[in-house]
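Here is the naming used below: chain letters follow the sequence lines, and residue numbers restart at 1 for every chain.
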Amino acid sequence: MENNQKTGKLLEVKDLHVSFFTPAGEVKAVGGISYDLNYDEVMGIVGESGSGKSVEAYSIIGLLQSPGKVIGGSITLEGEDVLAKTKDEMVALRGSKVAMIFQNPMTCLNPVYTIGNQLIEALKAHDKHVSKEEASKRAMEMLELVGINNVEKRMKQYPHELSGGMRQRVMIAMGLICHPQLLIADEPTTALDVTIQAQILELMKDLQKKTHMGIIFITHNLGVVAEICDKVSVMYAGKMVEQGPVDDIFYKPGHPYTMGLLRSMPRVDAESYERLIPIEGSPVDMLNPPEGCPFAPRCEHAMKICLQKMPPYVELGDNHRAACWLRVQDQIEKEKAGKTENKEVGDNG
Amino acid sequence: MAKYILKRVLMAVITLFIVICLTFFLMNAVPGNPWLSEKTPTQATIDALNAKYGLDQPVIVQLGKYLENLLHLDFGTSIKMQKDRPVLDIILTMFPISAGIGAIAIIWAILVGVPLGCLAAYKRGTWVDSLLRVICTLGISMPGFVVATMLLHILTGGIEGLKLFPTMFDGTAKSYVLPCLALGFYPMCYLSRQTRTAMLDAINQEYIKTARAKGLKNKKIIFKHALRNALIPVITYLGPQIAFTLCGGFVVEKVFSIPGLGRYFVMSIQNRDYPLIMGTTIFLAAFIIVMNLIVDLLYKLVDPRINLAKGGN
Amino acid sequence: MAEKKKKQPFGSLRPDVDDILDWNNLPQDAFEPASSAEKESFIQDRESVSYWKDAWRRLRRNRVAMVAMVIVILIGLFAFVGPLIVPYTYDQVIPGANNIHPWHYSLEDQAAIDAYIEEHTGTANLSPDEAVAQAEAEAEARGETLSPVEAAKIRATAKANQGKGEENVTEKDAAKALGIKVKPFGYTQAELERMAAGESVFPHVFGCDNQGRDIMVRTMIGARVSMIVGICCAIIVLVIGALYGSISGYCGGKVDAVMQRIVEIIYTIPEVLVILLLGSTLKPIFEEFQNSGDGFLQQMVTLLGANLISIFITFGLLYWVTMSRLIRGQILQLKQQEYVTAARALGASGGRIIKRHLLPNCIGQIVTTTFLQIPSAIFTESFLSFLGMGVTAPMTSLGSMCSDALGGLNTYPYRLFIPAAILSLMILCLNLFGDGLRDALDPRLKK
């Protein structure tokens with residue numbers, strides 16, 4: 001669509017801390033995560049429920065509800081500090097530069113307004129001068145773009161008259177109607193049937209190619225990540241435990257949690273006798289997170305140090321790093337063995 | 001939709017029938033008779049009177065006769081309060097006064113209560129919200145007669161120099177103010193509370209998150225997306241509130257000595273004027289049931305989900 | 001180390017030197033596998049808080065609800081313990097106490113005032129209401145009653161006098177002119193004299209009504225009636241509603257369909273209308289029953305009072321509908337859940353499933369709805385009593401006290417406003433506490 005294709009950093013998140021101040025105490029939902037995203041790049045954020053992945057996304061777009069609060073770090077979008085923006089500036093930013101689509105298309109569209117009304121409203125929020133005819137023309141174009149036919153009729157329909165997949169398409173159309181640079185998709189396929197999931201993923205891949213926007217794709221499904229993402233961040237208990245290009249994450253995982261996720265995912269190429277292996281145990285209590293690695297209690301490789309100190313990030317390859325004491329151990333051994341260059345890191349997993 | 005309306009109308013008719021029977025049997029179960037007043041009449045007189053008004057026949061026969069008359073809109077005649085005057089005539093002269101006051105009261109209650117509820121939801125957590133919540137909880141905690149007598153005492157000369165309104169109801173515009181104010185206060189507070197709850201409910205819905213993500217202004221989110229959804233459940237409270245206002249009228253009419261149907265109904269119960277009690281009960285019950293029915297249908301019409309879902313199937 | 005990590009620029013491929021230096025300082029056994037015991041002790045589980053404890057904690061934090069609770073308890077003490085302390089009874093007519101205000105002048109002051117009034121006006125020049133009240137009091141003292149005609153005459157003369165009397169001196173004016181201040185609490189002349197003689201007399205804190213009955217005791221009894229009505233009605237509603245709702249919800253199918261039609265019909269019946277009707281028709285029925293013999297049932301009726309019983313019945317017949325709907329809805333919802341299916345598969349009987357699995361799950365809502373029924377019942381009872389269809393004399397209730405006071409509103413406003421205030425305060429606090437209870441018991445309904 002837009003031809004003014006840009007390169008370089010679109011979004012930069014540095015050491016973001018988000019806490020929820022609940023009556024029971026402070027819940028550190030996000031405890032210091034960093035990443036950056038280039039134009040025309042798709043990043044997946046993977047993690048189980050409560051790992052802070054949605055919270056992190058909400059803070060980018062300024063939708064964090066009280067008692068949640070960003071308490072540290074910075075978010076830079078196209079060179080502008082998002083956290084320093086006023087409320088009105090954030091309102092102007094949302095929908096125009098950054099759009100977001102949500103998990104459940106059943107409840108995310110207002111049941112009492114027509115599809116057309118809600119689409120045009122999104123357009124008008126950022127472009128006051130657009131005429132009615134122009135707006136509805138663009139809305140219909142958008143609907144066609146996301147693969148909805150019979151658009152004129154659809155414009156006049158209410159959300160409950162559409163199927164789940166159709167509604168998610170409408171949501172995507174609504175997100176893209178102002179041509180945002182960044183799209184945050186918060187589990188957009190989770191609530192859909194498997195066949196519809198594939199359609200929606202296909203559509204998003206298509207649209208990404210056409211528009212060259214950056215996408216942050218939040219999911220707990222590694223299969224979806226393999227499908228669409230260029231790079232992946234794995235989150236656990238508010239921390240980013242591993243980060244890297246999608247191939248590295250799949251073929252050379254560095255963190256036991258990532259390995260666990262991979263093993264618990266069904267694969268087409270698996271031998272028939274291979275069983276899916278669940279990750280035992282449940283996440284830590286975020287209200288008083290322990291010192292040390294939060295994954296340690298569930299980790300089969302847990303060592304004494306894991307229970308005492310949070311591991312540092314270790315570079316495992318180009319843009320690939322993980323926070324795990326096992327990898328630190330590898331490094332130390334390598335150093336001792338031959339004092340080889342730090343850059344080459346083994347890929348034992 | 002047609003099927004639904006039919007079902008509701010049928011339900012209303014059954015309800016009305018039950019109310020008629022209930023009233024009728026209750027009236028007949030009451031010991032004593034309407035002729036017992038200052039001077040006890042002789043047995044012969046009582047028998048004659050009973051025969052005249054058909055009170056000597058079995059209850060079922062009386063009921064059948066009554067229902068038959070009812071079909072011709074014949075409610076019988078008063079046997080005590082205004083002897084031999086047709087009940088329907090009494091109702092038709094008194095009801096407009098009650099209905100007028102009730103309508104004004106419910107209208108001001110809606111016009112003030114709903115916006116106040118929105119305001120409280122919009123300013124939730126602030127002092128405005130707290131203040132409104134205290135006022136509205138107080139409002140639904142004060143029985144109608146407390147509000148009415150307080151207004152009566154304060155604004156009609158109970159406090160020196162503050163005689164703004166007449167004590168007695170005389171049909172002038174000024175004399176309408178206090179009764180309407182007193183009558184509408186409870187529904188106003190009730191609606192305001194319900195609106196606030198419904199608004200907060202709506203605000204927590206996911207489509208509000210979508211609207212925020214679209215970059216809509218806060219005001220537009222509240223007043224376009226939340227309000228329309230919040231009003232749908234609020235409409236359902238209107239039916240019971242109309243009924244309540246009408247019955248609250250009994251008290252207000254007593255306090256302000258308004259010659260309305262409510263006061264007369266209470267008096268007829270105290271005087272055991274059977275046909276009058278029956279007539280007013282049935283009339284008021286029918287009115288309330290019809291109002292409930294209208295509100296209920298209105299609710300189905302406002303919500304596109306229900307309306308169109310029926311049409312589509 | 002966490003702080004050092006922050007300094008490291010993100011995306012740098014070079015490992016942090018500090019980090020590597022740190023690694024050499026790690027303890028010897030750092031890379032030994034951790035035992036499972038160590039792992040377990042690592043997670044400090046929050047102690048799990050039971051539902052009721054958690055709810056109580058939330059409730060306690062709700063300041064409005066706690067204040068409301070304290071006030072409700074105080075009113076409860078006032079209503080139930082108060083009458084034991086005050087040496088008067090609600091139907092006791094205290095001689096000479098007709099219409100005394102909740103304030104008094106000391107004997108000397110009163111004499112001075114009387115003299116002052118005497119001096120300034122030939123005849124005692126009173127407002128029409130006061131004149132009638134005085135005449136009534138005088139008549140009653142003589143053992144007669146004032147006929148309406150006489151009362152009207154007195155009123156007319158008083159009005160006429162009032163108009164022309166330029167020296168219209170009331171007690172208040174006299175007190176003002178003499179610089180006498182009123183003292184709190186009401187005493188009759190006789191009581192003041194007894195007090196002067198050294199006896200201690202319990203004051204009439206709120207004054208007395210036109211028949212010389214102590215208003216405070218009557219208010220206490222009225223509040224007690226209100227509370228009893230509220231609590232009993234809530235229990236009746238709970239029992240009927242819970243039974244009906246759980247049977248309807250649990251049986252489902254045709255039974256449910258029929259039961260729900262009945263509920264729908266009762267729902268559309270105009271409640272207040274039927275309550276008025278029932279209240280007024282049941283009362284004479286019970287009164288007759290009460291007089292019909294001396295059996296156990298009759299004594300029960302006498303004990304409770306025909307009016308109260310008829311109020312209970314009307315509530316029992318009509319107000320359980322909401323409760324039954326709520327419980328049915330809960331049960332239908334819970335019925336779908338796996339653990340109920342599991343219990344049934346294990347051969348648990350229907351009653352046992354309701355008791356052990358279904359009810360504990362909707363207990364929060366049941367408690368809240370039952371509790372909120374109390375203020376609503378009090379509200380309706382006061383309405384009935386005000387219209388003269390609640391409890392009958394000499395028994396009293398807050399509503400009928402207000403109704404009685406309506407006549408002398410201008411002269412004795414406190415007679416109406418004291419019971420009205422207690423009534424409103426009681427309902428208000430019950431509502432506020434109920435709201436707090438709802439917030440505390442249903443975590444989903446957080447603000």
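Annotation: maximal heavy-atom pairing with chain B below 4.5 Å, among Asn104(A), Leu63(A), Asp88(A), occurs at Leu63(A). Chain B forms the most heavy-atom pairs under 4.5 Å with one residue out of Pro111(A), Gly95(A), Ala125(A), and that residue is Pro111(A). Chain B forms more heavy-atom pairs under 4.5 Å with one residue of Asn117(A), Ile101(A), Thr114(A), Leu93(A) than with any other, namely Asn117(A).
Within a 6.0 Å radius of NZ in Lys85(A), other residues, nucleotides and ligands contribute more than 12 heavy atoms. The neighbour count for Phe17(B) CZ, taken as heavy atoms of other residues, nucleotides or ligands under 6.0 Å away, does not exceed 12.
Contact annotation for Ile232(B): only side-chain heavy atoms (C-beta onward) come within less than 4.5 Å of a heavy atom of chain A. Looking at Ala122(A), the atoms closer than 4.5 Å to chain B (heavy atoms on both sides) sit in the backbone and in the side chain alike. The contact between Met171(A) and chain B is made entirely by side chain atoms (from C-beta outward), counting heavy-atom distances below 4.5 Å. The parts of Gln118(A) that come within reach of chain B are both its backbone and its side chain, each placing non-hydrogen atoms under 4.5 angstrom from that chain.
Partner of Glu206(B) under the side-chain contact (heavy atoms from CB on, under 4.5 Å) criterion, chosen from Thr107(A), Asn110(A), Leu109(A): Thr107(A).
When all heavy atoms of His126(A) and Gly215(B) are compared, the pair lying nearest together is NE2-CA, 3.9 Å. Of all the heavy atoms in Ala213(B) and Met100(A), the pair that sits closest is CB-CB, 4.2 Å. The two residues Val91(A) and Leu216(B) make their nearest non-hydrogen contact at CG1-O, 3.8 Å. Between Tyr113(A) and Lys224(B) the shortest heavy-atom distance is OH-O, 2.8 Å. Of all the heavy atoms in Cys108(A) and Thr210(B), the pair that sits closest is O-OG1, 2.7 Å.
By the 4.5 Å heavy-atom criterion applied to side chains, Arg94(A) and Lys214(B) are not counted as neighbours.
A donor and an acceptor atom, one from each side chain of Glu121(A) and His225(B), are located under 3.5 Å apart.
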